[in-house]
Amino acid sequence: MAEKLRETPLLDELEKGPWPSFVTEIKKSAVKNSMANDQLGILERSYKDRIGHWKHGGLVGVMGYGGGVIGRYSDLPEEYPECAEFHTIRVNQPAGWFYTSDVLRKLCNVWEKHGSGLTNMHGSTGDIIFLGAKTEALEPVFADLIDMGFDLGGSGSDVRTPSCCCGQARCEWACYDTMGFTYNLTQHFQDELHRPAFPYKFKFKMAGCANDCVASVARSDMSIIGTWREDIKVDQGEIAEYAKTVNIADDVADRCPTGCISWDGKTFDIDNANCVKCMHCINVMPKALAPGDEKGATILLGAKAPIIGGALLASVLVPFVEMGEENYEDIYELAEEIWDVWGEHGMNRERVGEFIQRVGMGNFLEQVGLDPEPEMIMHPRTNPYIFFELDEEED
Amino acid sequence: MATKEEVAEAMFNMVKEYHGKKNLKALDLTKAMIEKFGDEACDKKLCKKAIRELVDNGKCTYSYVGGSYIVLPPEE
Ligand code: SF4
Ligand code: SF4
């Protein structure tokens, strides 16, 4: 039971207004948890001092693992003793973030028993985040999680917890089983996930189609995005229905990134050879259009958020792969090939996208053993990275 | 081929030698071991197993200082 609640005049301002407030939520925990109460106090202090009072890193974790715990210490341990150690625990979320209410309740119970009770569902990597553990609580939390069938996620220079959209579990646009693949990949790369061995972090994100609900193209080193090869399925009857309420010329045809749709007011036609499967037309008229057959995925590489250098979007590495279970091994081999090259020549804290920028896509492909293809571009209808040798064609 | 234990021991000695001077990453240890034992006798897979052995038996641990390093555990 916490003693008197910390005074928080500045934080109280964040409770005013119609929106939900994280301050209100921390206060609810602070009533019964002294770590949460001190956390409230140090946060107020940070607002007052206009500086963060946390240091992070160091030697914390659970036995055998190099990831999953982010050490966090306050620089004011005497004033806020209950949060002098306030480590973050990353828990590997279920693929697609599906839970039963029973599991959610158990997770919260574990965390109220051992830590501050504060969670972040979910962190930017996708994990379940437990905020605020003392060092002595780490092993007991881990043991309780293992009992429930959960494991820690990644942190540091390792494979970060793979995440995916809900895919075929809920979404009719999913071109492959994102959840099945994510589960398989997570199991396959357990060593890489728990034992950091790379120059820097490496994230996988899986999206079932180009709507990319997990923002993989911006947020993951390797993004695997569902696509298809056959023609988009068109129901002209439904198109006629949409034409009554949708301005198909302005809102669909003119917004097609490759201009491959023609619409004369009666017939809707797609030049499928030039369609880049961006999903725009399907999103606007979902009853009339659907992804074509021969589904699979495009593998992209090199995105990152701005930490050391600026943000990068991923670019196409493999235009099309089939995504049956029998194909998973090929993707794992490709990832391992990339890690070998990046591990050998990458600099400390250099993400794979930055590495490719430094050495050049042509050199990178040569090292990884992939042939250049015209689809290896950052945006449709822009120059490819690769300069094909003219004299090779002339021979 | 060298044994996992031999490589783990050589890695441990290297971590001890560099303790307080330079932080070593898993990759640094791997490269050093392949050089020491030769690529006929030691490869990346073996090094991976050796690192796992070192960390699982508590002789070394991971530390995060901007990147992830393999270090000696803190003294009790
Ligand atoms: S990315 Fe595509 S398949 Fe996945 S949930 Fe979003 S719309 Fe559906
Ligand atoms: S999916 Fe995108 S590129 Fe293909 S036809 Fe529709 S809008 Fe155009």
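Lettering follows sequence order; numbering is per chain, from 1. Here the structure is a predicted model, which means the values were calculated and not measured.
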A:Tyr73/A:His87 aromatic ring centres below 6.0 Å: yes
Aromatic ring proximity, centroids under 6.0 angstrom, B:Tyr62 and A:Tyr65: no
A:Ser163-A:Lys205 side chain donor-acceptor pair, cut-off 3.5 Å: yes
Among B:Ala26, B:Gly58, B:Ser63, residue most engaged with chain A (heavy-atom pairs, under 4.5 Å): B:Ser63
For chain A, the option from B:Val55, B:Asn57, B:Asp28 that forms the most heavy-atom pairs under 4.5 Å: B:Val55
Proximal component of A:Glu336, with respect to chain B [non-hydrogen, under 4.5 Å]: neither
Part of A:Asp340 within contact of chain B (heavy atom distance under 4.5 Å): both
For chain B, the option from A:Gly61, A:Pro199, A:Gly71 that forms the most heavy-atom pairs under 4.5 Å: A:Pro199
A:Asn363 side chain vs A:Val359 backbone, donor-acceptor pair below 3.5 Å: yes
Presence of salt bridge, A:Glu192 and B:Lys48, under 4.0 angstrom: yes
